[in-house]
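The structure under discussion appears below in the form of structure tokens.
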Amino acid sequence: MIVYSVLLCFHRKEVDDYFQTSETGATKRNALSIFKIARKLLFIYCQEDKMRFEKLCRAILASMEVENEPKVWYVSLALSKDLTIPWLKQIKDVLWICCQLLKKLKPDILQDGKLITLHLTMLVTFTDTSTWRIVRGKGEALRPALTRICENIMGHLNQKGFYSMLQILLTNGLARSKPSLSKGTLTAIFTLSLRPVIAAHFSENLLRSFLIHIMSVPAIVSHLNVLTPECMASIQSHDLLRKFILFLSREEQCLDICVCLEGSHTLCLLGNLIYLGYLNEKVLEEEANHFVKDLTDMLSYCQRYVSQKKSNLTHWHPVLGWFSQTVDYGLNESMPLVTKQLQYLWGVSVILTLFSDVLSKKLESQEPTPPPPQPSTSQNNLPVKSLFKRAFQKSASVRNILKPVGGKRVDSAEVQKVCSICVLYQTALSTLTQIRLQILTGLTHLDDLLPKLWAFICELGPQGGLKLFMDCLNNDTEESKQLLAMLMLFCDCSRHLITILDDIEVYEEQTSFKIEELLTISSFLNTFVYKMIWDGILENAKGEKLELFHSVHGWLMVLYERDCRRRFTPDDHWLRKDLKPSLLFQELEKGKKRAQLLLQYIPHVIPHKNRVLLFRNIVTKEKESLGLIETSSASPHVTHITIRRSRMLEDGYDQLRRLPVNSIKGVIRVKFVNDLGVDEAGIDQDGVFKEFLEEIIKKVFNPALNLFKTTSGDERLYPSPTSYIHENHLQLFEFVGKMLGKAVYEGIVVDVPFASFFLSQVLGHHHSTFYSSIDELPSLDSEFYKNLTSIKRYDGDVGDLGLTLSYDEDVMGQLVCHELIPGGKTIPVTNENKISYIHLMAHFRMHTQIKEQTAAFIRGFRCIINPEWLHMFSTPEVQRLVSGDNAEIDLDDLKKHTVYYGGFHSSHRVIIWLWDILSSDFNAEERAMFLKFVTSCSRPPLLGFAYLKPPFSIRCVEVSDDQVRSRHLNAQTDLNEKCLLLN
């Protein structure tokens, strides 16, 4: 052992003396002396010899630079008969030590950067003959033999892990927000990585290694494109993209690559391939089918491990979300660059190339269709209906794409190609969960893609449209799955588009879709969803079919809710005439699943009055279960309250707010006390309580009280942001919610017009994924909405407007600045954040400002009305549930359900006079005033006067002249019992 140590020390001294002598220039190095000293150094080499090894590398490289002295060139020993094999072994060992050292070096450290350059230069020099002086001139004949030596060296390095070393070096230098590799270093590394592949004539083994270790480095193609255009030229000259695409087109090879890389690195490979495709449009066009298949296969592999939720087996990934494979967190810094590469897949250039067959279809031009009018009153319903009819007929005659026509074979190459492209993007949407909105936004950027895709869908199959896709639902073939994926992509993208478009873009400008197209599409979607439910397909649906249902249903509901806010469809457009309400109700009674699903997902296919009837039945059943309805064996509990007319709100609030919910739902008897403390007379048919309820509601909704405000323009009610001036304002809101809930529960219509954005919140629509604050803003302030959307359309620099992410408001004479986000008053509105500003502003005005008030009101309302009961109604329909129907009063219906007292009957001459005056002498407005006079609401009940609570009655009252004044004192109470007193 001592002898061995002495020998090592002796060799080290020899090596040191050699380099020291050479540095002083005392002796000239030749190739043989370098070879000998290298052999000694390699024999003793360990960690402490790194400096000596660096000197050796510099000596070898220096020898290769000497002009016209073959004996000095280190490579000349390869031609020596006796030294060829020892030299080859030595250079392999030297180069492998270079590789091992490169693994440990950090490109961002200056000293390490110099060593990286040294070792890379060694590798570059001895893996190719292009820089060797020995092959110049007469030595050209030696090139083939020396090239084989280089190939032998590269083969050895590959077996030892050459590509793994290059991957580590590239990742250390590039997997960061700013690369730390210089242009020269990156060029050297990429050149080295290509040499074995080229030498092996692009064999599958070497292509595999290149894809796994080099092309999976985060955003390497982006860095090459910026730093070394020469390398990009090399990629194109060797047609590497095509070779990668064809290699991966074999399913087993693609799977092998994905398994080796796992999730994060597969994503990096995907990004690099996409960016290469973007840069090589010709190859992308020629190999589109294989390219699409490769990307789909890789995304599908990643999708296996994408999870919907956090668990002990998942890790968070910035692009994939919760991921059940190990995540390399070291790549997180480079993920923005990887994402930027992925974005080219849904960029305009790639979409134009991939969807060329769809986009090449020409849509015949037509005159822009006039925007549909705002919801009209009953007086002009007929003109609106005829306008829709004329507009639709005109459009259909010009653009046959609006109706399914069929004629395109689904097994044709064109259809198969488009289907596979749609599968790719649909797979991307379900895999790249954290950038899903980016993908949808990219796919909807071209205004004509979705209309043309719809035209393409309409042409599929022998008959086109619905039948084809319904058949696909019943088939489990690959072809059917692809066709359904096309429909799913169309629905997801269209829903996203319509959600982000404002009313001006949808109705006036008719961006992407014409109104007539939306009519046809909505009819198609409505029927598709209905059949999926009613034919029992949804009950057993799972996986892809269930996802399809939610996509189609989502697009349908966005159109339906848009139509509810501002009509674009004709009357009865959403109804299913082949659905019998009686059959549906029977199935609901029996608990049939399809009936329950229909009511859950598309209640709008049922006529509104039938849904109101169902709602009333639900309430009645609950009353029966709670014992609130009088039966032969039991009477309901009655709550008695005494109210001073001069302090109606205060007394009502004090006596009712502490009552249990079931007591509020039950029978409440009210006794009024006048200002003198005397009980008022009243005919008790629940009318006194109704008067109390109406008076309470009238007081609390009076804007003068400042619990509620009215919108500008149509003066509809919503909570006042400054209601806090009342000490107990939140308790009052909860009480008001209970009182309104009680009115709806009892079927008492009250004349309270709510702003639709507020009713949407009461219904919980603002929690829906389809909800958009900006769409609801016109119902609060149409002028404010126009001003905000004008910012969206502003062509210049929005920064010039001097806006910040804040909102200044005059609150009771003081200017208050509300920050839309923390620090918003110091953040200017720019072209980049103006869309966020618009949505933040809309959200603040309609939600943030009245958040507490709305929550208290909803809490009270839902104490009485189960929110699930109202899911079957749209926002305007709930308003009708509260305030009655806006249709003309049906006098025959009112006459039929009138109750007579005190000697009156339907044939009495006074009664005949009354009905004759109402019918002949009163116009519609005056009849509405009469109804308001006797019921406190100018609108009839939704289900007709049979459901008026309490029923309308006419009573004959005989009074003397002395009693007239006395009767007038009680007139208010009597009249609000819906009892007309005649004498």
Side-chain angles (χ1 to χ4, degrees), residues 374-379 381-382 384-385 388 519 522-523 525-527 529-530 533-534 553 556-557 559-588 595-620 743-754 756 759-760 762-765 865-890 893 897 937-949:
Q374 292 285 355
S376 58
T377 61
S378 57
Q379 284 87 342
N381 270 341
L382 190 59
V384 173
K385 194 170 184 179
F388 275 124
L519 284 169
S522 60
S523 180
L525 300 174
N526 206 38
T527 305
V529 171
Y530 170 74
I533 295 173
W534 203 245
H553 176 257
L556 170 66
M557 294 313 295
L559 288 175
Y560 176 69
E561 289 173 14
R562 175 80 72 164
D563 185 56
C564 289
R565 285 195 301 272
R566 182 173 170 183
R567 287 285 300 276
F568 65 86
T569 62
D571 293 340
D572 300 338
H573 175 78
W574 302 102
L575 300 181
R576 290 294 307 177
K577 294 179 181 177
D578 53 344
L579 175 66
K580 294 181 179 179
S582 57
L583 174 62
L584 176 69
F585 293 166
Q586 288 174 16
E587 294 203 3
L588 284 171
Q596 294 170 347
L597 291 172
L598 191 78
L599 200 61
Q600 177 184 348
Y601 287 108
I602 49 170
H604 59 256
V605 301
I606 310 164
H608 178 241
K609 286 198 173 182
N610 293 102
R611 281 179 279 139
V612 175
L613 184 60
L614 179 61
F615 172 77
R616 300 291 354 144
N617 290 341
I618 292 171
V619 172
T620 301
V744 174
Y745 193 77
E746 298 296 346
I748 298 171
V749 291
V750 288
D751 206 356
V752 182
F754 286 109
S756 68
L759 271 184
S760 292
V762 173
L763 293 174
H765 290 173
I865 301 295
N866 187 329
E868 292 182 3
W869 298 348
L870 297 181
H871 283 174
M872 66 180 98
F873 300 110
S874 66
T875 302
E877 288 171 340
V878 170
Q879 181 64 65
R880 291 168 65 190
L881 201 62
V882 171
S883 300
D885 213 331
N886 56 4
E888 281 195 27
I889 297 167
D890 185 346
D893 185 44
H897 295 98
C937 187
S938 59
R939 296 178 178 182
L942 286 175
L943 299 176
F945 289 101
Y947 287 83
L948 187 64
K949 299 292 183 182

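Contact record, Leu881 with Phe873: CD2-CE1, 4.1 Å, taken as the closest heavy-atom pair. Counting all heavy atoms, side chain and backbone alike, Asp563 lies closest to Thr569 at OD2-OG1, 2.8 Å. For the pair Phe945 and Asp893, the tightest heavy-atom approach, listed with the atom from each and the gap, is N-OD2, 2.8 Å. Closest approach of Val882 to Phe754, counting heavy atoms only: CG1-CE1, 4.4 Å. Contact record, Glu587 with Ala595: CB-CB, 3.7 Å, taken as the closest heavy-atom pair.
Here the straight-line distance linking atom CG of Leu613 with atom CZ of Phe585 works out to 5.5 Å at 0.5 Å rounding. Of the inter-residue distances, the one linking Thr527 atom OG1 with Trp534 atom CH2 reads 15.0 Å to the nearest 0.5 angstrom. One finds the OG1 atom of Thr875 at 8.5 Å from the CZ atom of Arg565 (value rounded to the nearest 0.5 Å). Separating the CG atom in Leu763 from the CD1 atom in Ile865 is a distance of 11.5 Å, to the nearest 0.5 Å. Here the straight-line distance linking atom CH2 of Trp574 with atom CD1 of Ile606 works out to 15.0 Å at 0.5 Å rounding. Taken from CG in Leu525 to CG in Leu559, the straight-line distance is 6.5 Å, to the nearest 0.5 Å.
Side chain of Ser760 to backbone of Ser756: a donor-acceptor contact under 3.5 angstrom is found. In this structure a side-chain-to-backbone donor-acceptor pair under 3.5 Å is present from Arg616 to Tyr745. Without hydrogens or angle criteria, Ser883 side chain to Val752 main chain gives a donor-acceptor distance under 3.5 Å.
Here the side chains of Tyr560 and Ile602 are not in contact, with every heavy-atom distance at 4.5 Å or above. Using a 4.5 Å heavy-atom cutoff, the side chains of Leu614 and Leu584 are not in contact.
Of the candidates Met557, Glu877, Arg576, Met557 is the only one forming a side chain to side chain contact (heavy atoms under 4.5 Å, CB included) with His604. Checking each of Asn610, Leu598, Ile618 against Met872 for a side chain to side chain contact (heavy atoms under 4.5 Å, CB included) leaves exactly one that passes, namely Ile618.
Partners of Leu575 by side chain to side chain contact (heavy atoms under 4.5 Å, CB included), not counting sequence neighbours, listed by chain and number: Asp572, Pro607.
By the neighbour-count criterion of 12 heavy atoms within 6.0 Å, atom CD of Glu868 is sparsely surrounded, having that number or fewer from other residues, nucleotides or ligands.
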